[in-house]
Visitor: 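First the structure, then my questions, so here it is.
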Amino acid sequence: DIIRELQTMAILLDVYLGVPIIYSTFMQYDELGHHFGPSSKQALSDLRRTDARISEIWRMARLAGGRGYDVVILSDHGMTPAISYRVQFGESLGKTVERMLDGDVLASAAESSEYADVGPEFIEAVAALTPPGRTGTRRALGRARDWLRSRYGLREIILPEKYRVDERHEVVVTYSSCLALLYFSADTRQLSIEEIMSHPRRRTLYQGLLGHAGIGLIATRGAAGVHVESRSGKGIIIHGAVDVVEGINPLEPFGTQRYVVNAIESLVMQPNAGDCVLFGTYDGYDIISFDDQVGAHGSAGGDQVYPFLISPSWLKADAAVLEDARDINGVILRRYPATR
């Protein structure tokens, strides 16, 4: 709340001073959506407070006189309800990759780290020191202990995994929310699906991840285009169109709209993209997040692909075709002379 108030005050001051162009970001909803859910009471309450601050900015812009400000509100993404990969499968994605490379594909995914029970044991010790008469406190501590034991270890709370470098297997895994990138670090070149499948160890890992319940889609570069594959089908993306070569369209659960297909194709073809681009499984409501989140965005599937733009009617954004950031830039800036 303090940050939002300071941001609002800074914008109001800039409007008063007549600063030509003002940019700002209200990021609180995003954080609360990740940790409590996009439709949670906490996130929606914060959204109402942000709405009130935007109203203040709009009122000040109208009172500013000759500058003639336009107020444009843009969300860079939506958000999809999520389930933590680690909570669901008992280990991080990096640990899963290491197990598969060790040939332990069928091992239990509920293997705990050496630190897993430290947090619950600490709470249990506090409960033991609580006076016997305070039964409510003891009961609450017991519930907290059981919840923590079922989901989190001390290591994951203090140092949540964002990437894993496995020097022994020459693999790097990094992820954000429901998207993960996997690199085979023994080769500095970006590998194609053909090169991955021609190498026994890499092929075994690819097939293991493809069969994992937490991975809904794997995208790679191929000789013919971007290769996309799920447990249900396989296809090739060429210039924004999917050619299904086996089973059903693997993008079906995530969205087959042109802007979704274009975004996936563009992501996979970036020079710093992983050799394998992994999408968390999406069941039509929840998506698997490789971070410990209950609201996710960063790949495809659900409301995360639906941002919004609120702008004055004279910008005519409602008649524009908006498929990427460059399109938005053109719509907003065409009203203003280049010299302004």
Side-chain angles (χ1 to χ4, degrees), residues 38 75-83 85 88 93 173-182 190-194 196-197 203 205-291 293 295-308 321-327:
S75 75
D76 56 342
H77 56 76
M79 191 172 288
T80 300
I83 299 172
Y85 178 97
Q88 185 79 355
L93 176 62
V173 185
T174 183
Y175 38 82
S176 177
S177 208
C178 47
L179 183 78
L181 304 177
L182 187 148
Q190 289 181 314
L191 300 180
S192 67
I193 183 62
E194 292 84 8
I196 292 170
M197 298 305 284
R203 180 175 65 249
L205 176 60
Y206 179 92
Q207 292 172 340
L209 290 172
L210 187 64
H212 194 284
I215 308 296
L217 181 73
I218 302 180
T220 53
R221 286 167 294 276
V226 171
H227 181 273
V228 285
E229 187 170 5
S230 70
R231 289 179 293 281
S232 303
K234 184 187 302 184
I236 306 293
I237 302 177
I238 306 173
H239 303 308
V242 183
D243 179 19
V244 179
V245 297
E246 184 178 308
I248 66 171
N249 187 343
L251 297 187
E252 199 70 47
F254 298 92
T256 56
Q257 303 92 328
R258 183 174 177 83
Y259 61 84
V260 175
V261 179
N262 280 338
I264 293 174
E265 183 178 26
S266 174
L267 168 65
V268 177
M269 294 305 294
Q270 289 183 20
N272 58 348
D275 298 310
C276 295
V277 179
L278 312 177
F279 292 69
T281 298
Y282 178 58
D283 65 4
Y285 181 79
D286 287 312
I287 196 165
I288 292 293
S289 172
F290 302 114
D291 289 321
Q293 296 174 341
H297 61 84
S299 64
D303 290 343
Q304 63 178 312
V305 300
Y306 299 116
F308 66 79
V321 177
L322 303 177
E323 293 186 336
D324 59 34
R326 290 179 290 260
D327 295 334

Visitor: Classify the angle between the aromatic ring planes of F290 and Y85 as parallel (below 30°), tilted (30 to 60°) or perpendicular (above 60°).
Guide: tilted
Visitor: After noting the C-alpha distance and the side-chain angles of L181 and L278, does the key distance pass the side chain to side chain contact (heavy atoms under 4.5 Å, CB included) rule?
Guide: CA-CA 6 Å; L181 304 177; L278 312 177; over 6 Å; no
Visitor: Side chains of I264 and L251: does their closest heavy-atom pair fall under 4.5 Å?
Guide: yes
Visitor: Which residue pairs pass the ring-ring contact (aromatic ring centres under 6.0 Å, His included) test with at least one member in residues 245-271, sequence neighbours excluded?
Guide: F254-F279
Visitor: Search all heavy atoms of V305 against all heavy atoms of G301 and return the closest pair with its distance.
Guide: CG1-N, 4.0 Å
Visitor: Do the side chain of Q304 and the main chain of T80 share a donor and acceptor less than 3.5 angstrom apart?
Guide: no
Visitor: Which heavy atom of V268 sits nearest a heavy atom of A273, and at what distance?
Guide: O-CB, 3.7 Å
Visitor: Provide the full list of side chain to side chain donor-acceptor pair (under 3.5 Å) pairs with a residue in residues 217-231, sequence neighbours left out, each pair given once.
Guide: Y206-E229
Visitor: I need the minimum non-hydrogen distance between A180 and L93, along with the two atoms involved.
Guide: CB-CD2, 3.5 Å
Visitor: Which residues satisfy the side-chain contact (heavy atoms from CB on, under 4.5 Å) test with A296, sequence neighbours excluded?
Guide: A82, S177, C178, I287, S289, Q293
Visitor: Quick check: closest heavy atoms across P250 and V228, and the distance to 0.1 Å?
Guide: CG-O, 3.6 Å
Visitor: L182 versus L205: any side-chain heavy-atom pair under 4.5 Å?
Guide: yes
Visitor: Can you tell me how far the CZ atom of R203 sits from the CG atom of L210, to the nearest 0.5 Å?
Guide: 13.5 Å
Visitor: Counting N and O atoms only, with roles assigned by atom type, does the side chain of D303 sit under 3.5 Å from a partner on the main chain of Y306, one being a donor and the other an acceptor?
Guide: no
Visitor: Looking at every non-hydrogen atom in both residues, tell me the closest pair between L191 and D275 and how far apart they are.
Guide: N-OD1, 2.8 Å
Visitor: Evaluate side chain to side chain contact (heavy atoms under 4.5 Å, CB included) for I218 paired with V277, printing each intermediate quantity in order.
Guide: CA-CA 6 Å; I218 302 180; V277 179; over 6 Å; no
Visitor: Q190 side chain to G274 main-chain N or O, any donor-acceptor pair under 3.5 Å?
Guide: no
Visitor: Can you tell me how far the OG atom of S176 sits from the NE2 atom of H297, to the nearest 0.5 Å?
Guide: 7.0 Å
Visitor: Give, for atom CD1 of I237 and atom OG of S266, the distance between the pair rounded to the nearest 0.5 Å.
Guide: 11.0 Å
Visitor: Flag the pair V244 / K234 as yes when at least one side-chain heavy-atom distance between them is below 4.5 Å, and no otherwise.
Guide: no
